[in-house]
Amino acid sequence: MRKKVLAVLAIFTLMIVSACSSGNESTSGESEGNGKIDTFTYASLSDAVGLSPIMTNDSASANVTDHVYEKLFDRNTETMEIEPKLAESYENPDENTWLIKLKEGIKFHDGTDFNAEAVKYTFDKLRDPETAAPRASLMEPVESINVIDDYTVEIKTKYPYGPFLAALSHSNAAIVSPTADKEGDLNKEPVGTGPFKFSKWVPGDQVVLEANEDYRDGAPAIQQLIFKVVPEISTAISMLQTGEVQYIDNLPMEQIERIESLKNVTVEKVDGTPEYYFTVNHGKEEFQDAKLREAFASAIDRDAVVSKMNGLGIRSDSVIGPKVFGYVESADEAGTPYDVEKAKSLVEENGFGEKAYKLLTPNRSNFLLMAEIVQAQLSEAGFNIEIESMEWASFLDTARQGNFDLTFLSWSNLTADGSELFYPNFHTDNVGASNRAQYSNEAFDQLVDESRTTTDQDKRLELLDQANRLMLDEDAVVIMYHSIVTAAMDQSYEGLLLEATGKWNLSEVTRK
């Protein structure tokens, strides 16, 4: 009997040892006993387009590349100030020269040295017309890039360029390994200097990164970071609730209450840089009528829209938002105030209600909500408004071509700089391209040009405020709201870095 008991105990012991030793494959979110997190999964609504910062310009790709690559400069998530990252320091010997000292002793994941040659290679390729980089505009002001020594690079600009540090902190200005780019395809196998290395990409399913154990600031706690493609937000929320994923971002306003009610989830909110605005088609002669634009602006109650945002909208008239360089608080109330009786008078006196106006909108929930509310408000003032809805890509093309009367547009403000809000969206140079409002004003253009071509930041602030107020005085746009940036993470973890721009980083995440 005693032998049988001992035999049973031996078998039981072997089973326990076997079970413990087979723990190499962990489910998402599990942690190792040494404080390391075995796997951590983010649910992405769409797959990455590519994994090269030079060849992509979409958020799904940037979410991945921001963990693999690094830029010369980064924006501090708390102060919004731009600080050196791969750069050690910089100076301006003159207004057209940027002398950048680089940090030493850093290597790319393939062993290539990070140095001035790598910076020159990256930026020269980014600005080369043959590359056809989607964000080559970041290097548009650059005249030449020169290697002074191994860890000093000189960048000459064609003219003084105030927002240059903001441009160098953009995701698409990340520095790539010249060796890896020449010998392989960075769009499929990225090689940077960041806290995570590329492991694999299964298109349509997931991108997997692994901790860079040699990272200069210490390896991240997350050993395997997974970007899982989950096309439906409701599914992603359910997976967050059950622990299949640990992180989601850009929470939809119609789902925010559901997410906040989850007991295992922490929701983070940050006043953000993205904005949404109403505009007429300035390319059409009829909308040159200042009284017509004033009638539209007077009829729109922005507070009614913000009240429907479930706490995810900030009320401000200012075109330059509170988290963007160039913002002045007094501009919050500088727009045409809501006055439906004044709008009715303008409509009646000028016969504005005799024509039907087409209000173009993409078929996204927040845009459709704005369209329905504004249609009702404009109708109350006497306008005849018809809504035309279409999917996102078609909407962007239609707006770019100027095939609309009225519409809603948005801008993420990833550089958090007013010049880089005004120039692409409202400068005459970009009508028919990124300036979908078709807005053209010579005085405005001059103010924006001057704000871009001086490195005197106080002067830039003054010029941007003038440009901001000029647009508001003209009722060029009506700001519907500035966004609250949101994210939700399994409450077992902490250390998420969430920026006002909507960018985020998981490299400092640890288990509580």
Side-chain angles (χ1 to χ4, degrees), residues 27-29 39-69 109 131-135 170-172 174 176 180-181 184-192 194-211 222-240 242-252 255 259 274 362-366 390-397 410 412 414 485-490 496 498-499 501-507 509:
T27 58
S28 180
T39 59
F40 190 96
T41 302
Y42 159 68
S44 177
L45 297 181
S46 57
D47 197 4
V49 173
L51 302 179
S52 165
I54 296 174
M55 301 307 300
T56 56
N57 186 33
D58 65 290
S59 58
S61 299
N63 288 339
V64 179
T65 61
D66 282 344
H67 290 79
V68 176
Y69 298 95
H109 301 152
T131 303
R135 284 310 311 269
H170 196 282
S171 294
N172 298 109
V176 307
D181 188 54
D185 185 352
L186 292 182
N187 233 9
K188 295 180 180 178
E189 296 187 11
V191 179
F196 289 93
K197 296 181 178 181
F198 174 73
S199 177
K200 66 177 179 179
W201 181 15
V202 182
D205 180 26
Q206 63 183 13
V207 177
V208 181
L209 306 181
E210 61 184 39
I222 297 173
Q223 296 300 285
Q224 189 177 71
L225 178 57
I226 301 173
F227 296 77
K228 179 72 176 175
V229 179
V230 184
E232 296 295 331
I233 184 62
S234 291
T235 304
I237 296 170
S238 296
M239 293 173 72
L240 181 66
T242 60
E244 293 177 77
V245 304
Q246 286 68 56
Y247 178 66
I248 60 176
D249 69 331
N250 197 23
L251 312 180
Q255 297 271 18
I259 300 169
N363 59 358
R364 294 186 171 182
S365 59
N366 57 330
M390 57 182 63
E391 60 89 23
W392 184 249
S394 298
F395 164 76
L396 292 178
D397 287 338
S410 63
S412 295
L414 291 181
V485 171
T486 56
M489 187 165 71
D490 185 315
L496 168 68
L498 180 63
E499 298 181 19
T501 60
K503 306 291 289 180
W504 44 265
N505 195 287
L506 301 170
S507 61
V509 166

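Fair warning: this is a prediction, and the values are worked out from it, not measured in the lab.
Considering only residues two or more places apart in sequence or on other chains, M55 meets the side-chain contact (heavy atoms from CB on, under 4.5 Å) condition with S52, T131, N187. Scanning for salt bridge (Lys or Arg N to Asp or Glu O under 4.0 Å) contacts around D205 gives K228, with sequence neighbours left out. Residues satisfying the side chain to side chain donor-acceptor pair (under 3.5 Å) test with H170, not counting sequence neighbours, are R135, N172.
Between F40 and Y247, the two ring planes are tilted [angle within 30° to 60°].
The CG atom of N505 sits 11.0 Å away from the CG atom of L498 when rounded to the nearest 0.5 Å. From L496, atom CG reaches atom CG of D490 across 12.5 Å, with rounding to the nearest 0.5 Å. Between the CD atom in Q224 and the OG atom in S199 there is a gap of 6.5 Å [rounded to 0.5 Å]. A distance of 8.5 Å separates CG of N57 from CG of L414, quoted to the nearest 0.5 Å. Interatomic distance, CD1 of I248 versus CD of Q255, reported as 9.0 Å (0.5 Å rounding). Here the straight-line distance linking atom CG of L209 with atom OG of S507 works out to 11.5 Å at 0.5 Å rounding.
When only modelled atom types and interatomic distance are considered, E499 and T501 share a side-chain donor-acceptor pair under 3.5 Å.
Across all their heavy atoms, G192 and Y69 have their closest contact at CA-CD2, 3.6 Å. The minimum heavy-atom distance linking W201 with G50 is given by the pair CH2-CA, 4.0 Å. Considering all non-hydrogen atoms of both residues, G502 and V485 come closest at CA-CG1, 3.6 Å. Pairing each heavy atom of A62 with each of K503, the nearest pair is CB-NZ, 3.2 Å. Nearest heavy-atom pair across L51 and K188 is CD1-O, 3.9 Å. Shortest non-hydrogen contact noted between G204 and D47 is N-OD2, 2.6 Å.
Put simply, the side chain of T41 does not reach to within 4.5 Å of the side chain of M239, judged on heavy atoms. Side chains of I54 and L186 form no contact here, defined as non-hydrogen atoms less than 4.5 Å apart. F196 is not listed as a side-chain neighbour of V64, based on a closest heavy-atom distance of 4.5 Å or more.
Within 6.0 Å of the CD atom in E391, the count of heavy atoms belonging to other residues, nucleotides or ligands exceeds 12. Within a 6.0 Å radius of CD in E189, no more than 12 heavy atoms belonging to other residues, nucleotides or ligands are found.
Of the possible donor and acceptor atoms, none in the side chain of H109 sits under 3.5 Å from a partner among the backbone N and O of P190. Looking at T56, its side chain never comes within 3.5 Å of a backbone N or O of V49 through a donor-acceptor pair.
With H67 as the fixed residue, the ring pair (Phe, Tyr, Trp, His ring centres under 6.0 Å) test singles out one of W504, Y42, F198: W504.
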Next on the checklist: As a quick check of understanding, evaluate side-chain contact (heavy atoms from CB on, under 4.5 Å) for V509 and M489, giving each step before the final call.
Outcome noted: CA-CA 10 Å; V509 166; M489 187 165 71; 4.2 Å; yes

